[in-house]
Amino acid sequence: MEWLRITLCLVIMLRTEGLFVNITYVQTAVAKGAVCLDGSPPAYHLDRGFGAGVNNWLVQIEGGGWCNNVTTCLARKSNRLGSSKQMIKQLAFSAILSNKPQFNPDFYNWNRVKIRYCDGSSFTGDVEAVDPVTKLYYRGARVFVAVMEDLLAKGMKNAQNAVLSGCSAGGLASILHCDSFKALLPVRAKVKCFSDAGYFINTKDISGADHIEAYFSDVVTTHGSAKNLPISCTSKMKPSLCFFPQYVSKEIRTPLFVINAAYDSWQIKNILAPGVADPHGIWHDCKADITKCSTDQLRTMQGFRLEFLKAISSGLGPLINTRGYFINSCYAHCQTEMQENWFAIDSPKLNNKTIAKAVGDWFYDTSEPFQRGDCPYPCDKTCHNRVFDI
């Protein structure tokens, strides 16, 4: 059972690390209209750096999908993805956020931040008007600025090294905000961005429909995101397409590292085979457990992998030497936030490197830019393939 495996991993993590970090509410953001969907203040968790890492900052953005219309945003308004009132007060820090060198060798002594996600737009929305009936606030872009201002005041303005990272919708946010993050920091600071499971691709679903393109278009429209997406992209194409990394990342000037599974489990479930494209649930078991996929389903997923690799290649752009990527052939989603995937004896590896080692070496320029794909499933025996209860 997937829930049992996750529970056991959490128990092991807590026994080995036991680092819980208190929540910080950015109360001053409310007056600026920089609020969650329900109007509550934005929030983050900060564990201070120490020793040689006291002026280094790793800012990790939480994931959690999006809301693409009033109905779905109202649903989020009553939980942690739409209200800081519903967030837990202490968050366990592990893997890329761990404060122990044996679990996080390159960033353990940095200031490590987890920005909570409560706007539903990957921090891109900004609609001034608030419907008096729904009382929904679409203010993700303002939230990002407000949190950054708070962190700068707490010492990030003196950063010598800095990383903007994130998982899933947070990984997309780390791409979309990469250049603006760098612009906030000292000119001499070494600044790079990591995106974990945030490289969502624009491809047709199994019915032949452009499901994810239409969905992202609704997100951008609902949240008024167009004006906050990189102008280097929106000046060339329909703004909603600039929610896709394959179109926007080639214009990003700041060094960028992409960590993703070529068979990203979220993308298989929601882009390739969403429920609307599979009304009879033929893909149900396959989406829950890749070992239960039929020969035809695996063939379709191999096609998705090729589309994904093509999108990675086209999205790197002309600045290939400032790009890094770790694209394994696992059935997974968000690998930097789980210790077993980030840095452990049996962690997934490419070219005999764990994700943590590949990312660390790339950040510090201690080796050639790490740019590795993987052989097709099921060849990679280092994978921790997810099994879901769906």
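Under 3.5 Å, the side chains of Gln86 and Asn79 contain no donor-acceptor pair of N or O atoms. Side-chain atoms of His333 and Ser168 include a donor-acceptor pair closer than 3.5 Å. There is a side-chain donor-acceptor pair under 3.5 Å between Thr254 and Asp179. Using a 3.5 Å distance cut-off with no hydrogens or angles, the side chains of Gln60 and Ser165 do pair a donor with an acceptor. Looking only at atom types and distance, the side chain of Ser294 has no donor-acceptor partner in the side chain of Asp296 under 3.5 Å away.
Not a single donor-acceptor pair under 3.5 Å links the side chain of Arg323 to the backbone N or O of Phe257. A donor-acceptor contact shorter than 3.5 Å is absent between the side chain of Arg139 and the backbone of Val35. Between the side chain of Gln267 and the main chain of Tyr199, a donor-acceptor pair closer than 3.5 Å is present. Without hydrogens or angle criteria, Lys349 side chain to Thr382 main chain gives no donor-acceptor distance under 3.5 Å. Under the 3.5 Å distance criterion, the side-chain polar atoms of Thr221 are left unmatched by any main-chain donor or acceptor of Asp218. No side-chain donor-acceptor contact under 3.5 Å links Asn111 to the backbone of Arg48.
Using the six-membered ring where Trp is involved, His177 and Phe144 have ring planes that are parallel, under 30° apart on the 30 and 60° scheme. Relative orientation of the Phe216 and Phe243 rings is perpendicular, given thresholds of 30° and 60° on the angle between their planes.
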**Study point:** Intermediate values then yes/no, side-chain hydrogen bond (donor to acceptor under 3.5 Å, both in side chains), Asn69 and Thr72
**Key:** CA-CA 6 Å; Asn69 54 41; Thr72 56; 3.0 Å; yes
Exercise for review: For the pair Lys204 and Glu213, evaluate salt bridge (Lys or Arg N to Asp or Glu O under 4.0 Å) and give the outcome as yes or no after the intermediate values.
Suggested key: CA-CA 8 Å; Lys204 296 182 184 299; Glu213 183 176 325; over 6 Å; no
Exercise for review: Apply the test salt bridge (Lys or Arg N to Asp or Glu O under 4.0 Å) to residues Asp289 and Arg386: give CA-CA distance (whole Å), side-chain angles for both, the deciding distance (0.1 Å), then the verdict.
Suggested key: CA-CA 7 Å; Asp289 182 347; Arg386 296 288 303 275; over 6 Å; no
Exercise for review: Please lay out, stage by stage, how Trp342 and Asn104 fare under the test side-chain hydrogen bond (donor to acceptor under 3.5 Å, both in side chains).
Suggested key: CA-CA 8 Å; Trp342 173 245; Asn104 188 22; 3.2 Å; yes
Exercise for review: Would you sort out whether Tyr325 and Phe370 count as a ring pair (Phe, Tyr, Trp, His ring centres under 6.0 Å), showing the intermediate values?
Suggested key: CA-CA 6 Å; Tyr325 57 88; Phe370 191 91; 8.1 Å; no
Practice item. Take Asp361 and Lys357, measure what salt bridge (Lys or Arg N to Asp or Glu O under 4.0 Å) needs, and give me the verdict at the end. Key: CA-CA 6 Å; Asp361 286 354; Lys357 179 65 173 170; 3.3 Å; yes
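Partner of Asp38 under the side chain to side chain donor-acceptor pair (under 3.5 Å) criterion, chosen from Ser84, Ser83, Ser78: Ser83. A side chain to side chain donor-acceptor pair (under 3.5 Å) with Gln335 holds for exactly one of Asp196, Asn341, Asn328, Thr354; it is Asn328.
Counting non-hydrogen atoms of other residues, nucleotides and ligands closer than 6.0 Å to NZ of Lys182 gives a total above 12. Enclosure of atom CG in Leu306 by more than 12 non-hydrogen atoms of other residues, nucleotides or ligands within 6.0 angstrom is indicated. Counted within 6.0 Å of NZ on Lys292, heavy atoms from surrounding residues, nucleotides or ligands total 12 or fewer; the atom is thus considered open. In this structure, Lys157 places its NZ atom where more than 12 heavy-atom neighbours from other residues, nucleotides or ligands lie under 6.0 Å away. Summarising the local packing, NZ of Lys190 is surrounded by more than 12 heavy atoms from other residues, nucleotides or ligands at distances under 6.0 Å.
Under the 4.5 Å side-chain contact rule for hydrophobic residues, Leu229 and Val219 share a cluster. Linking ILVMFWY residues whenever their side-chain heavy atoms come closer than 4.5 Å, directly or via other members, leaves Leu81 and Val70 in distinct clusters. In the hydrophobic clustering of ILVMFWY residues, with side-chain heavy atoms under 4.5 Å counting as a link, Val145 and Trp57 come out apart. Val113 and Tyr108 are assigned to two separate hydrophobic clusters, defined by single-linkage of ILVMFWY side chains at heavy-atom distances under 4.5 Å. Note on Ile23: it does not cluster hydrophobically with Leu46, by side-chain heavy-atom contacts below 4.5 Å among ILVMFWY residues.
With rounding to the nearest 0.5 Å, the separation of CG in Asp264 from NZ in Lys269 is 9.5 Å. Rounding to the nearest 0.5 Å gives a distance of 10.5 Å between SG of Cys167 and CE of Met338. With values rounded to the nearest 0.5 angstrom, Asp374 atom CG is found 5.0 Å from Cys379 atom SG.
Remark: Asp150 engages Lys154 in a salt bridge (charged side-chain N to carboxylate O under 4.0 Å, His left out) (not counting sequence neighbours). Scanning for salt bridge (charged side-chain N to carboxylate O under 4.0 Å, His left out) contacts around Lys114 gives Glu337, with sequence neighbours left out.
Under the 6.0 Å cut-off for aromatic ring centres, Trp66 and Phe200 qualify, their centroids lying closer than that. Taking the six-membered ring where the residue is Trp, the centroids of Phe304 and Tyr263 are separated by 6.0 Å or more. In summary, the aromatic rings of Tyr117 and Phe123 are positioned with their centroids under 6.0 Å apart.
With a 6.0 Å cutoff to the six-membered ring centre and a 45° limit on the axis angle, Lys192 counts as a cation-pi contact of Phe363.
Taking a cutoff of 4.0 Å between a charged side-chain nitrogen and a carboxylate oxygen, Arg112 and Asp47 qualify as a salt bridge.
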